[in-house]
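Below: one structure, written as structure tokens.
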Amino acid sequence: EPTEEPTEEPEEEPTEEPTEEPEEEPTEEPEEEPTEEPEEEPTEEPEEEPTEEPEEEPTEEPTEEPAEEPAEEPAEETAKVTAAVDASVRVSADGLSEIFTTIPEGTELTVIGVDGDWVAVEVEIDGVVTRGYIYKDEIEGIDFEQEEEEETVKDAADPTAKMKVTVFTSRRTVMKPGETVRLTSKIEGFDGYEIKYQWECDKGSGFQEIDGANGDSYSFQASRESLAWNWRLNVYYR
């Protein structure tokens with residue numbers, strides 16, 4: 001009887017109770033709570049709010065207002081003028097440049113610029129709009145006198161500063177051999193002086209005086225050689 005009672009009781013009770021209780025409670029609680037809450041809250045809030053507001057407001061306001069204003073300004077600067085005579089339209093702002101077309105008197109033209117005594121205009125030829133230059137005397141609608149008065153005030157101490165010689169040629173971009181090319185001149189600021197003219201020509205070896213060419217104009221026959229020569233006019237005064 002004494003040997004059976006102590007061996008059965010102590011072995012069964014301590015082994016079952018401590019192993020089951022501590023394993024279940026600590027492993028389940030810390031794993032579920034911290035992993036779910038921090039992942040959802042911080043990622044959603046900062047991404048949506050800052051990206052939408054700054055992109056819409058600054059891009060709409062500045063692009064609409066400045067795009068309209070500069071597009072209207074250049075159109076207002078262009079002006080309409082009228083050909084005072086049958087105006088010669090030249091390739092460049094130079095009286096010795098070729099004439100590529102002639103505008104009938106009274107034709108309305110659009111001015112796109114002014115270069116000294118020359119007006120840059122738009123000319124339509126065979127459906128193509130081209131820029132050309134017309135001398136101020138052949139144009140009505142632009143006031144060149146105001147600019148000339150301002151220059152005269154600046155150069156009042158030097159009387160020769162008002163002197164100006166402009167040479168024009170009747171040469172066209174297309175000419176036949178034997179046609180007459182006429183050189184004419186306009187002088188300004190020589191009032192009160194005795195004038196002498198001398199035309200010169202450069203045929204490839206430098207400018208040389210032409211005998212008997214002492215008037216305000218000079219003419220020669222067009223040829224392959226003569227159309228390649230350079231011309232100038234010397235005006236002597238005393």
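Along the sequence shown, residues carry numbers from 1. From a predicted model like this one, the values you see are computed outputs, not experimental measurements.
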Check: Sequence neighbours excluded, which residues qualify as side-chain contact (heavy atoms from CB on, under 4.5 Å) partners of Glu105?
Finding: Asp86
Next item on the list: Assess whether atom CZ of Arg131 is packed by more than 12 heavy atoms of other residues, nucleotides or ligands within 6.0 Å.
Entry: no
Checklist line | Closest contact, heavy atoms only, Tyr133 versus Ala120 | finding: CE2-CB, 3.7 Å
Note to self: Tell me if the NZ atom of Lys203 is crowded by more than 12 foreign heavy atoms within 6.0 Å.
What the structure shows: no
Next item on the list: Among Glu209, Lys196, Gln198, find the one that has a side chain to side chain donor-acceptor pair (under 3.5 Å) with Asn214.
Entry: Gln198
Margin query: With rounding to the nearest 0.5 angstrom, report the CD1 to CZ distance, Ile125 to Phe100.
Written below: 5.0 Å
Item checked: Rounded distance (nearest 0.5 Å) linking atom CG of Asn230 with atom CD of Glu200 -> 12.0 Å
Check: Rounded to the nearest 0.5 Å, what separation is found between the CD atom of Glu108 and the CD atom of Glu140?
Finding: 12.0 Å
Notebook entry, point to check: Which other residues end up in the same hydrophobic cluster as Val128, if Ile, Leu, Val, Met, Phe, Trp and Tyr are linked when side-chain heavy atoms come under 4.5 Å apart?
Noted result: none
Margin query: Using only atom types and a distance under 3.5 Å, with no angle test, would you say the side chain of Arg90 pairs donor to acceptor with the backbone of Ser97?
Written below: yes
Note to self: Are the side chains of Val114 and Lys136 in contact, using a 4.5 Å heavy-atom criterion?
What the structure shows: no
Item checked: side-chain contact (heavy atoms from CB on, under 4.5 Å) partners of Glu138, counting only residues at least two apart -> Val85, Ala87, Ser88, Ile134
Note to self: Nearest 0.5 Å, please: how far is CD in Glu122 from OG1 in Thr110?
What the structure shows: 6.0 Å
Checklist line | Donor-acceptor pair, side chain of Ser185 and main chain of Asp216, under 3.5 angstrom | finding: yes
Next item on the list: Among Ile, Leu, Val, Met, Phe, Trp and Tyr joined by side-chain contacts under 4.5 Å, find the other residues sharing a cluster with Ile210 and list them by chain and number.
Entry: Leu96, Met163, Val165, Val167, Met175, Val181, Leu183, Ile187, Phe190, Tyr193, Ile195, Tyr197, Trp199, Tyr218, Phe220, Leu227, Trp229, Trp231, Leu233, Val235, Tyr237
Next item on the list: Please confirm whether the backbone N or O of Arg182 pairs with a side-chain atom of Ser170, one donor and one acceptor, at under 3.5 Å?
Entry: yes
Next item on the list: Could you state whether Trp118 and Ile139 fall into the same hydrophobic cluster, counting links through intermediate Ile, Leu, Val, Met, Phe, Trp or Tyr residues with side-chain heavy atoms under 4.5 angstrom apart?
Entry: no
Check: What pairs with Phe168 under ring-ring contact (aromatic ring centres under 6.0 Å, His included), at least two apart in sequence or on another chain?
Finding: Tyr135
Check: Quick one: which of Val121, Val89, Thr82 gives a side-chain contact (heavy atoms from CB on, under 4.5 Å) with Ile103?
Finding: Val89
Check: Mind checking what makes side-chain contact (heavy atoms from CB on, under 4.5 Å) contact with Ser205, not counting sequence neighbours?
Finding: Gln208
Checklist line | Separation between CD1 of Ile99 and CZ of Arg171, rounded to the nearest 0.5 Å | finding: 11.0 Å
